[in-house]
Amino acid sequence: MKYDFTAIEKKWQKTWDEKKCFAAVNGSDKPKYYVLIEFPYPSGEGLHVGHPRPYTAMDIVARKRRMQGYNVLFPIGFDAFGLPTENYAIKHKMHPREVTKRNIARFTEQLKMLGFSFDWDRVIDTTDPEYYKWTQWIFLKFFEKGLAYKAKMPVNWCTSCKCVLANEEVVDGVCERCGSEVVRKEKSQWMLKITEYAERLLNDLDELDFIERVKTQQRNWIGRSTGAEVDFETTAGDKLRVFTTRPDTLFGATYMVISPEHEILRSWLLRLENKDEVIAYQEAAARKSDFERTEMAKEKTGIELKGVRAINPVTGNEIPIFISDYVLATYGTGAIMAVPGHDDRDWEFAKKFGLPIVEVVRGGNVEEAPYTDIENGVMVNSGFLNGLSVENAKSKIIEWLTAKGIGKEKVNFKLRDWVFSRQRYWGEPIPLVYCEKCGWVPVPESELPVLLPDVESYETTDTGESPLALMDEWVNTSCPKCGGKAKRETDTMPQWAGSSWYYLRYMDPDNKDALVGEDAIKYWNRVDWYNGGMEHTTLHLLYSRFWHKFLYDLGLVPTSEPYAKRTSHGMILGEGGEKMSKSRGNVINPNDIVNEFGADTLRLYIMFIGDFEKAAPWSSTAVKGCKRFLDRVWNLAEKAMAMPDKGYSPKNEAAIHRTIKKVGDDIENLKFNTAIASLMSLVNEFSENGCNKADVKILLILLSPFAPHIAEELWERLGGKGLCCGQPWPEYDEAKTVEAEITIAVQINGKLRTTVTVANNSEDSVVIDTVLSDEKVKRAMEGKELVKTIVVKNKLINLILKYQSS
RNA sequence: GCGGAUAUGGCGGAACUGGCAGACGCGCCAGACUUAGGAUCUGGUGUCUUCAGACGUGCAGGUUCGACUCCUGUUAUCCGCACCA
C-alpha cells in the first residue's frame, strides 16, 4: 500500500471528531492542563503559513499532556472584531457580519485540515452578542469602579483608519496596522486606568515563568523610575514642580525647562516680554506629530521665557526658564530642572544656549562631557551633600526636601492610560448613555448586550466621529436613571477588548449567567502554558494581565495572573529571508502544501525548520525532506507488520530509550527541531539494524504529537489497541540509554589523534591501558615523555607529552 | 544613543554543567535500479593537502591539558525602547 496522506488525514480527522477525543472535561478527576494559543484574527486572506507554527507547537504539547494522563483544555476561537474586516466589507459592499462569518468558516476548515487537537465544542467568537455581552459587562465594572473615564486629551489619530489609536498601536510614528501617518488630535476619549495597576503589573512579573525577553519588554514599557518631585519658587510668585531621578544634583540645576504645552504658561503669558516668540514656538510644536518631534531630536530647540525666573531652593540662585519640546508634557510634571553637568540632554541644550555648567559630582570633566556615572561619583559644590556618594546624597536631599515641605520622593511610570474608544462600526458598543441631567449612565446589566445596530451604511465619517453617530434611531434613547432624553455613546471598543479575557470564556463557553462559572474557574484556575507572538507583548499580553488583575480584585477569578507560563515563536519568512507579504508575492499558502505533501508533512516541516523562538526562512525543497521521512516510516511499518511484537529488538533498545528521553525533554524546552532530528536518527537506525513491531510502535507513539494522522493509521495497521493518540506517553530507563560499548576520544596535547572503543563505565586504568597500546598513540609517543593524563569518564582522554630531556 | 539577542559548511541548523565541531535535513557528487526520473535505494560531502597531516565556529587577544562554549576588546546584523528627566 502506498502512503495516501489525503485519505488518511480525512479519515482520522473524522474519527477524532466523532469520538470527541480532544474534548476537555470540566471537573474531571484527572489533573488539568490548560494550553493556549493566541486565537486568530479571521482575515480575508485565510490561514497564513505562519499560523501553524505556534499552533502545531502547542498541539504537540497538548497531545503529549493527554498521553501523560492530563485532562487538557486546548481551545480555539476567533478574534473577529476589527478594522480589516470592516474595510473589506466597505470595499465589497457587504456587511462585516457576513464577511466575518465567511472568514471564520474558511479558517475553521483550514484549521481542521491540519489536524489540531482543539476542543471544537468550545469555539468562541468575539463578535457573537452572547460573547460581547460579557466584554461590555466587564467594561461596566471598570466604569463602576472609576477605572473607565472620559477625558479630552491629545490622542494618536490614524489618518487612514480615521480612528484613534492606543500608544501601544503606534509604531515609529505610524499606524501599527496600516502604516499610515499618525497625527495628534484633541479628542474626548474613554480611557482605562491601566496606570493604577502599573506597580503590580511590574512586580508580579517576577514570579511568572515568562521568557526573559517578554519580561524585559514589559518592564521597559511600564518604565518605572524613582526620584523626587521638587517645587521651585518663581519670580511670578507661584511654584513650578519638577520630577527628577537625580535629586542629588539639585545644586547643579542651572536652568529649568518646561514643555510647550505646560499649563503654567497661560498664567505667565502676560508677564512675558517675548510673548509672541513663545506663542509661535508653542504653535510650531503643536503642529508637529510626536514622531516629527523625536525625528528632530538631533538638534535641540527652545525659547527662554523673559520675565519669569525660578529660584533654586538650595543655592538660592535665580535661574532662567525655557520652553522646549525635548521636555514631554505627558511625563512627570511636564517640567524639569536641568543639570547640564550630569545629564546628556541638558548638557547638549546648555552648550547650545551658552548656559552655565556646574560640576556637582566629581569623576569626569563636565566641560568636555556630562558625567552620568552614579556608581563612582562623589558630591562636590553641593553644600551639605559634599563628600557623599550619589546614593547617599539622594536620600539625604530627599529627607531635607521633605522636612522643608518643598519636595518628596516620587515614583513615575512611562505607562500611560489606555485610550479605549474607536470611531468605527465593527467593534463592541460601549454600553453607556449620556443624559443631560445625569451625565454618563451605564446601561443596566439586564439590558446587555447593547447590540450593534443592523444597518446598511457603516462607513467612516470625515468628522472623526464614529459611524454609529449618524444612526439617530439607535443613538437617541432614554436615560436608564431619570427616563429623560439621552444619547448612546457612539464610539466602540478597540480590538484588544474581546481578547483581554477570552481565555476565561473557554473554561465555560456557554454560561448564560456569568462570564465564567464559579466551578469552571475553580477547576481550570488559569492558563498553564500560553504561546504567542512577541508583537503582542506590550499590547494584548499586557492588557489581558491588567483585565485579569481587575477581575481578581472583584473576586471573580482566583489568581492575580492569567498565564503561568509564556513562550514565543519566531516568524516564518519568505524563501529569500524577507518577510512574507502579498506585495512581495512570496506568501506560501498552507493549502498548497497540504495538497501536495499532506498535513503531517507540513506540521513536521514547520517544526523542523529551525529554532522555534527565532525567525526562519521557508524552503520549499526542505519540505520534501520531511515527506521523505514519513515515507520511510511508512515503509518501515509495512515491513514490520509480519515481525514479532514482544519487546524492543536488542540492537535498537538503547537508541529507543535515548529517543524517548530526547523527544520528551525537547518538547518541554521548545526544541521541536532536535526532537524531530532524533526521531529521524531513530528511523535511520531502524533501517540499518532492522526492527520489529514493538520498535515501530514506540516510534509511532513518539511521532504522533508531530504527525498524528500517519501515526494513527500505522498504529491501526500494526494492530495497536485503541487510538495512538490515547496511548500513554512512554517511559525510558536512564541506565538503558547508553550502549554497552562506547567510543572514547583520544587527544594528545589537546588535539584529537584517534578514538578507541571500550566498555561503558570502564575504569580509568583500563582506558589508559587500551589507549597506550594503540598503534597510533605509540607512534606519537616515540621519543616523548608522558607528563600528565586527563581522563573524562566515558568521553575523552588527553595525554600530555613532552620531549624527553636527556 | 540606551537595552537585549545573534554571528558555526553551499543552505536551514546541531553541540548537555568547558571535553570527538558540523547531529538531523536540504543541496551537491558518484553509483544501483530504470524506457525515463525532479521517484526510490546505496555511498560520499568543512577547507587546504606533499595523504603524513595542517587549518577551521564574525575579527584581535587572553584564561585552560582542552574554548563555538569562559574573560577583555572589536565589527556586523536583527529586535525592542527611543529626548521618559
Side-chain angles (χ1 to χ4, degrees), chain A residues 171-173 212-214 216-221 223-225 227 242-247 249 253 257 259 290-291 293-298 300 324-328 330-339 342-346 348-349 412-416 534-535 537-538 570-571 575 577 604-605 608-611 613-626 628-629 631-632 635 662 665 671 673-684 687 743-755 779 787-801:
Chain A
V171 176
D172 289 337
E212 243 353 273
R213 54 195 173 126
V214 167
T216 315
Q217 225 168 291
Q218 289 209 345
R219 284 190 190 113
N220 290 342
W221 189 261
R224 183 184 197 272
S225 52
V242 300
F243 172 71
T244 175
T245 54
R246 296 293 305 275
T249 61
V257 189
S259 70
D290 267 5
F291 185 61
R293 280 203 193 183
T294 52
E295 269 297 273
M296 296 179 186
K298 280 122 212 167
K300 296 226 172 351
S324 171
D325 61 9
Y326 88 87
V327 173
L328 305 175
T330 48
Y331 184 76
T333 64
I336 61 157
M337 64 177 213
V339 185
H342 307 284
D343 180 277
D344 295 315
R345 297 146 302 180
D346 298 346
E348 201 187 311
F349 192 86
N412 254 322
F413 294 92
K414 280 200 236 179
L415 187 70
R416 299 272 81 91
M534 281 307 288
E535 69 274 19
T537 303
T538 54
M571 242 194 304
E575 297 240 17
L604 207 59
Y605 175 62
F608 185 62
I609 196 165
D611 186 335
E613 303 195 63
K614 287 195 203 127
W618 182 267
S619 158
S620 41
T621 54
V623 183
K624 277 189 281 186
C626 290
R628 234 173 257 169
F629 167 68
D631 282 333
R632 297 182 65 198
N635 294 334
K662 177 85 178 142
D665 291 352
K671 302 243 171 207
N673 53 339
T674 49
I676 293 167
S678 73
L679 287 169
M680 288 171 166
S681 295
L682 187 66
V683 167
N684 292 345
S687 310
T743 335
I744 300 251
V746 180
Q747 293 187 341
I748 291 174
N749 289 337
K751 287 198 172 161
L752 181 74
R753 280 297 113 116
T754 184
T755 57
R779 229 182 307 144
V787 230
K788 201 174 169 187
T789 313
I790 293 148
V791 182
V792 181
K793 202 163 181 71
N794 288 340
K795 279 244 158 93
L796 161 147
I797 175 164
N798 192 2
L799 304 172
I800 311 305
L801 303 182

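The structure presented is a predicted model; accordingly, all values stated were derived computationally and were not measured. Just so we're on the same page: letters track the sequence lines, and every chain starts at 1. Only this structure's heavy atoms are used, side chains among them; waters, hydrogens and symmetry mates stay out.
Nucleotide B:G73: paired with B:C59 (Watson-Crick or G-U wobble, both distances less than 3.5 Å). B:G25 is paired with B:C11 under the criterion used here, namely a Watson-Crick or G-U wobble arrangement in which both key atom distances are under 3.5 Å. In this structure, B:C81 forms a base pair with B:G1, meeting either the Watson-Crick or the G-U wobble geometry with both donor-acceptor distances under 3.5 Å. B:A36 is unpaired under the Watson-Crick or G-U wobble criterion, no partner having all donor-acceptor distances under 3.5 Å. Pairing partner, B:A52: none, since no Watson-Crick or wobble contact has both distances short of 3.5 Å. Across all strands shown, B:C20 forms no Watson-Crick or G-U wobble pair with both key distances under 3.5 Å. The pairing partner recorded for B:C41 is B:G31, the criterion being a Watson-Crick or G-U wobble arrangement whose two distances lie under 3.5 angstrom.
Between the OH atom of A:Tyr605 and the P atom of B:G13 there is a distance of 9 Å, rounded to whole Å. As a whole-Å value, the separation of A:Gln218 CD from B:G3 C1' is 16 Å. With rounding to whole Å, A:Asp611 atom CG is found 21 Å from B:C68 atom P. Going from atom CD of A:Glu613 over to atom P of B:C79 covers 17 Å, rounded to whole Å. Per the geometry, CD1 belonging to A:Ile676 stands 14 Å off P belonging to B:G13, to the nearest Å. Across the protein-nucleic acid pair, A:Asp344 atom CG and B:G3 atom P stand 12 Å apart, rounded to whole Å. Distance, A:Asn635 CG to B:U40 C1': 9 Å, rounded to whole Å. To the nearest angstrom, C1' of B:G19 lies 12 Å from CD1 of A:Ile800.
Remark: A:Arg628 is in phosphate contact with B:G27, judged by side-chain N or O atoms under 4.0 Å from OP1 or OP2. Distances shown here put a side-chain N or O of A:Tyr331 below 4.0 Å from the OP1 or OP2 atom of B:A85. The shortest distance between the side-chain N/O atoms of A:Ser225 and the OP1/OP2 oxygens of B:A85 is below 4.0 Å. A:Arg753 has a side-chain polar atom (N or O) that falls below the 4.0 Å cut-off from OP1 or OP2 of B:A54.
When the P atom is compared between B:G43 and B:A7, the two are found 32 Å apart, to the nearest whole Å. Comparing B:G10 with B:A60, their C1' atoms sit 28 Å apart, to the nearest whole Å. Between B:A32 and B:C48, the distance separating the two C1' atoms is 32 Å to the nearest Å. Rounded to a whole angstrom, the distance from the P atom of B:U69 to that of B:G58 is 8 Å. Taking the P atoms as reference points, B:G27 lies 39 Å from B:C71, given to the whole Å. Across the C1' atoms, B:A5 and B:G9 are found 23 Å apart, a figure rounded to whole Å. Across B:A23 and B:G31, the matching C1' atoms stand 26 Å from one another, rounded to whole Å. Comparing B:C70 with B:C81, their C1' atoms are spaced 30 Å from each other, to the whole Å.
Candidate nucleotides B:A82, B:C65, B:C16 were compared by shortest atom distance to the side chain of A:Trp221, and B:A82 ranks first. Considering only the side chain of A:Asn798, B:G19 comes nearest among B:A85, B:C24, B:G19. For A:Asn673, whose side chain is taken as the heavy atoms from C-beta onward, the closest listed nucleotide among B:A14, B:G19, B:A23 is B:A14. Across B:C26, B:G19, B:A14, the shortest atom-to-atom separation from the side chain of A:Lys795 is found for B:G19. Nearest to the side chain of A:Phe608, among B:G12, B:A85, B:A15, sits B:G12. Here the side chain of A:Asp325 is nearest to one of B:C83, B:C81, B:C65, namely B:C83. Candidate nucleotides B:C83, B:A23, B:G27 were compared by shortest atom distance to the side chain of A:Lys624, and B:G27 ranks first. Of all nucleotides listed (B:A85, B:G19, B:C26), B:A85 comes nearest to the side chain of A:Leu328. Relative to the side chain of A:Pro617, the nucleotides B:C16, B:G13, B:C65 differ in distance, and B:G13 lies closest. Here the side chain of A:Asn684 is nearest to one of B:C24, B:A85, B:U6, namely B:C24.
At a threshold of 4.0 angstrom between heavy atoms, the contacts of A:Thr621 are confined to the sugar-phosphate backbone, with no base atom among them. Within the nucleic acid shown, A:Ile790 comes within 4.0 Å of at least one base atom, counting heavy atoms only. Counting non-hydrogen atoms under 4.0 angstrom, A:Ala615 reaches the backbone sugars and phosphates but no base. A:Gln747 comes within 4.0 angstrom of a base, heavy atoms only. Among the atoms of the strands shown, base atoms are found under 4.0 Å from some heavy atom of A:Leu796. Within 4.0 Å (heavy atoms only), A:Thr245 reaches sugar-phosphate atoms of the nucleic acid but no base atom. Across all strands, A:Arg632 comes closer than 4.0 Å only to sugar-phosphate atoms, never to a base (heavy-atom distances).
Atom-to-atom distance recorded for A:Leu796:CG and A:Thr743:OG1 is 12.5 Å, nearest 0.5 angstrom. Rounded to the nearest 0.5 angstrom, A:Ile609 CD1 and A:Asn673 CG are separated by 10.5 Å.
A:Asn220 contributes no side-chain N or O that forms a donor-acceptor pair with the base of B:C81 under 3.5 Å.
With 3.5 Å as the limit, one finds a donor-acceptor pair spanning the side chains of A:Glu575 and A:Ser620.
Using a cutoff of 4.0 Å between basic side-chain nitrogens and carboxylate oxygens, A:Lys671 and A:Glu613 are not scored as salt-bridged.
Among the candidates A:Val257, A:Asp343, A:Thr249, the single residue satisfying the side chain to side chain contact (heavy atoms under 4.5 Å, CB included) test with A:Met337 is A:Thr249.
The backbone N or O of A:Val746 lies less than 3.5 Å from no partner atom in the side chain of A:Asn798, so there is not a single donor-acceptor pair. Side chain of A:Ser619 to backbone of A:Ala622: a donor-acceptor contact under 3.5 angstrom is found. When atom types are taken as modelled, the side chain of A:Asp346 and the backbone of A:Val339 share a donor-acceptor pair closer than 3.5 angstrom. Of the possible donor and acceptor atoms, one in the side chain of A:Arg416 sits under 3.5 Å from a partner among the backbone N and O of A:Phe413.
Projected onto RNA chain B by closest heavy-atom contact, A:Gly332 and A:Lys751 fall at different nucleotides, the more 5' of which corresponds to A:Lys751. Heavy-atom nearest nucleotides on RNA chain B were determined for A:Met337 and for A:Gln217, and the one closer to the 5' end corresponds to A:Gln217.
For B:G9, the base adopts the syn conformation, since its glycosidic angle falls within 90 degrees of zero.
Taking the six-membered ring where tryptophan is involved, the planes of A:Phe349 and A:Tyr326 are tilted, since the angle between them lies from 30° to 60°.
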